[in-house]
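What follows is one structure encoded as structure tokens, with my remarks underneath.
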Amino acid sequence: MKTGIDAISFDVAKIHLPINTLAKARNIEPEKLEKGLGLIKMTLPDTHQDTVVFGANALTKLISDNNINLNEIARIYVGTESTIDSSKPISSFLIALMEQKFGENTLSECDVVDFTFACIGGIDAMQNCIDFVTLNPTKKAIVVTTDFAKYDLNSTGEYTQGAGALAMLITANPRIIAFENIWATSTKGVFDFFKPYRTISKTAITGNSNNEPWFENLESKIEIHKDQPVFDGQYSNQCYMDRTRDAYFSFKKLKNTTETVYDSWKSIVMHLPYAFQGRRMLSEIYALDASKTIISGNEDASEYQNKLKEISKSEAYKEFVNEKLMPAEIASSLIGNLYTGSIFMGLLSTLAHFYDTEKEISGSTFGFLAYGSGSKSKVFEGTIQPDWKLAIAGVNLFETIEKSFEIDFDTYNKLHKKEQKTSIQTPKNEWTLDRIENEIPNLIGARYYKWVD
Ligand SMILES: CC(=O)CC(=O)SCCNC(=O)CCNC(=O)[C@H](O)C(C)(C)COP(=O)(O)OP(=O)(O)OC[C@H]1O[C@@H](n2cnc3c(N)ncnc32)[C@H](O)[C@@H]1OP(=O)(O)O
């Protein structure tokens, strides 16, 4: 029996800033961002949107477009690194909203939980659901990934921002892709990118050291939550390269093959924090697993790096990228980073590209290289199923992204600094954040959402 993705839907932020506008404002050569990193637009949440809204929109679409009977859904597992509560998971909000829309108690026997491991939490959620469905083939599960990749103004992450969610139905005998049961993992506990609890002393805020109550905070230190990560961009790239390389060669060992693994993959779908990350990071694996030796691994460090650079600029590598990686990059260039959703958006982008260009890919194998900072990589593969076209015919990925609304730099700044108080676009046929409770003591901070027709 096969297990995998039967249906897929998405909801990405509907407003964007062109990368060219950002580059000019920041005095960065636009060509560096457009041609060097593959960026065209970055999407941003409107004032009425958060990660619950994106997740709920993607899930509502998945359920409606595929006429899913909610009684059949045994699990809804969420991958996110942008949660809005340290205790109540996003999946708990999603259950409430789906019952609001599709009927009370329709999901009361459904198991729900969030998975957090930076950008790889969605893959962890999916692997778990696949194992579950393999053991219980009559049951179905849903994986939702939802994130807001927000970086500090003027940081090197600023041009890679993005926001949105995907939802995937996991079943036996799926219509889109069936995964092989070989999962290779590489893990190392590092600080390449993280979102710590930060503190600021009350003395620094009030100017005295009496520890007087400050807006009901009795502690002498005030805790601050920020959506923006603490990170070291180049170090995070090195961790990405090291983990994916190690997981790739573990995968090769688990497959027990001496053949070049990537040669058997029609497409390679990687975690893309920005469009060209995959092509910039994959040259090492491309060289080390080549059928004809192009790098031995015995070179000294600088010679090794020089050779990798040379390989990454070669015509053969460019062709390889064009054939195996480019389809996954298209959506990323137009959206930005979706953290947990990026690898699934890469898959959807690849499928939509082959659908639009009328290529038959049924029976071909895709390789997946997932990465989450902190850090972990998983490598696995799946085979495209005969009904893949039928299953994605109504998804309309590129048509939907095309309709995104352009904002100017001033509006971008206001949104980033939370100075924008009203919605840029009037919500229609979607969930919105209605209000956050700030008076009733035992409901302080509770977030309430509503569906807008
Ligand atoms: C965050 C996650 O989602 C998890 C992860 O994957 S961690 C790994 C990725 N890390 C991140 O995304 C963290 C946030 N991002 C960043 O800090 C940065 O965007 C980054 C580190 C990823 C990139 O850093 P950067 O300093 O902006 O770019 P840099 O590494 O110098 O690369 C610029 C590229 O543009 C090219 N370039 C520069 N000027 C150019 C021009 N005028 N024309 C064409 N190309 C140009 C450079 O040659 C270089 O490409 P190659 O190395 O492939 O040749």
Side-chain angles (χ1 to χ4, degrees), residues 13 44-56 78 80-94 96-97 113-118 121 146-158 161 163 189-233 235-236 339 373-374 409-424 431-450:
L44 302 145
D46 209 328
T47 54
H48 57 269
Q49 295 178 317
D50 65 9
T51 45
V52 170
V53 165
F54 292 125
V78 173
T80 185
E81 59 163 302
S82 322
T83 195
I84 38 93
D85 191 299
S86 294
S87 173
K88 184 176 161 72
I90 286 181
S91 50
S92 158
F93 287 91
L94 294 185
L97 300 195
V113 71
D114 287 8
F115 282 66
T116 295
F117 196 129
T146 183
D147 273 305
F148 172 22
K150 178 173 180 176
Y151 286 87
D152 280 332
L153 298 173
N154 284 301
S155 72
T156 58
E158 188 181 17
Q161 296 176 104
V190 295
F191 288 103
D192 60 330
F193 167 110
F194 55 109
K195 295 178 188 156
Y197 295 121
R198 308 182 204 203
T199 55
I200 180 161
S201 77
K202 201 184 276 174
T203 305
I205 298 172
T206 61
N208 69 58
S209 54
N210 303 339
N211 192 25
E212 285 158 6
W214 184 76
F215 292 97
E216 294 173 27
N217 287 283
L218 304 183
E219 299 88 350
S220 67
K221 290 176 180 170
I222 306 299
E223 294 218 347
I224 297 180
H225 165 74
K226 286 184 96 173
D227 291 325
Q228 298 94 305
V230 175
F231 68 101
D232 175 341
Y235 176 54
S236 71
Y339 287 159
S373 287
F409 190 69
D410 186 42
T411 310
Y412 160 66
N413 257 312
K414 283 194 188 132
L415 277 168
H416 198 286
K417 292 182 177 170
K418 299 189 175 175
E419 292 165 0
Q420 178 75 28
K421 299 293 176 225
T422 53
S423 296
I424 309 289
W431 292 98
T432 62
L433 174 59
D434 191 29
R435 66 182 186 90
I436 301 176
E437 177 59 50
N438 61 12
E439 277 175 15
I440 304 172
N442 52 8
L443 282 172
I444 290 292
R447 296 161 93 95
Y448 297 100
Y449 299 85
K450 70 172 183 209

Which heavy atom of H416 sits nearest to which heavy atom of K150, and what is that distance? O-NZ, 2.7 Å
Under 3.5 Å donor-acceptor, D192 side chain and G374 backbone: yes
Under the ring-ring contact (aromatic ring centres under 6.0 Å, His included) test, residues paired with Y235 that sit two or more places apart: none
side-chain contact (heavy atoms from CB on, under 4.5 Å) between L415 and T47, intermediate numbers included: CA-CA 7 Å; L415 277 168; T47 54; 4.0 Å; yes
State the CD1-OG1 distance between I84 and T51, to the nearest 0.5 angstrom. 6.0 Å
Measure the CG-CZ distance between D85 and F93 for me, rounded to the nearest 0.5 Å. 5.5 Å
Specify the closest pair of heavy atoms between H48 and S423, including all atoms of both residues, with the distance to one decimal. ND1-OG, 2.7 Å
To the nearest 0.5 Å, tell me how far N211 CG sits from T206 OG1. 8.5 Å
As a quick check of understanding, evaluate side-chain contact (heavy atoms from CB on, under 4.5 Å) for Y412 and L153, giving each step before the final call. CA-CA 10 Å; Y412 160 66; L153 298 173; 3.5 Å; yes
Side chain to side chain contact (heavy atoms under 4.5 Å, CB included) partner of T146, chosen from D114, I90, T83, D50: I90
Any pair counted as side-chain hydrogen bond (donor to acceptor under 3.5 Å, both in side chains), so long as it reaches residues 436-446, sequence neighbours left out: R435-E437
Show every donor-acceptor pair shorter than 3.5 Å between a side-chain atom in residues 219-226 and any protein atom, with sequence neighbours excluded, or say none if there are none.
residue : atom : partner : partner atom : Å
H225    : NE2  : D227    : OD1          : 3.2

Is the number of heavy atoms from other residues, nucleotides or ligands within 6.0 Å of CZ (F191) greater than 12? no
Mind running side-chain contact (heavy atoms from CB on, under 4.5 Å) on Y449 and D434 for me, showing each step along the way? CA-CA 5 Å; Y449 299 85; D434 191 29; 5.7 Å; no
Over all heavy atoms of both residues, which pair between S373 and F117 is shortest? Give the atoms and the distance, please. O-CE2, 3.3 Å
Nearest 0.5 angstrom please: T203 OG1 to N210 CG, how far? 8.5 Å
How long is the straight-line distance from CZ of F231 back to OG of S236, given to the nearest 0.5 Å? 7.5 Å
E158 backbone acceptor or donor facing D152 side chain under 3.5 Å: no
For residues L94 and A56, report the shortest heavy-atom separation together with the two atoms involved. CD2-N, 3.4 Å
What's the shortest heavy-atom distance between Y339 and S82, and which atoms? CD1-OG, 4.2 Å
Between the main-chain N or O of E212 and the side-chain N or O of K202, is there a donor-acceptor pair closer than 3.5 Å? yes
Within the structure provided, determine whether V78 and P89 are in side-chain contact (heavy-atom separation under 4.5 Å). no
Check whether any side-chain heavy atom of I200 lies under 4.5 Å from a side-chain heavy atom of I205, and answer yes or no. yes
For a quick test of reading the model, state the closest non-hydrogen atom pair linking Y151 to G157 and the distance between them. CD1-O, 3.2 Å
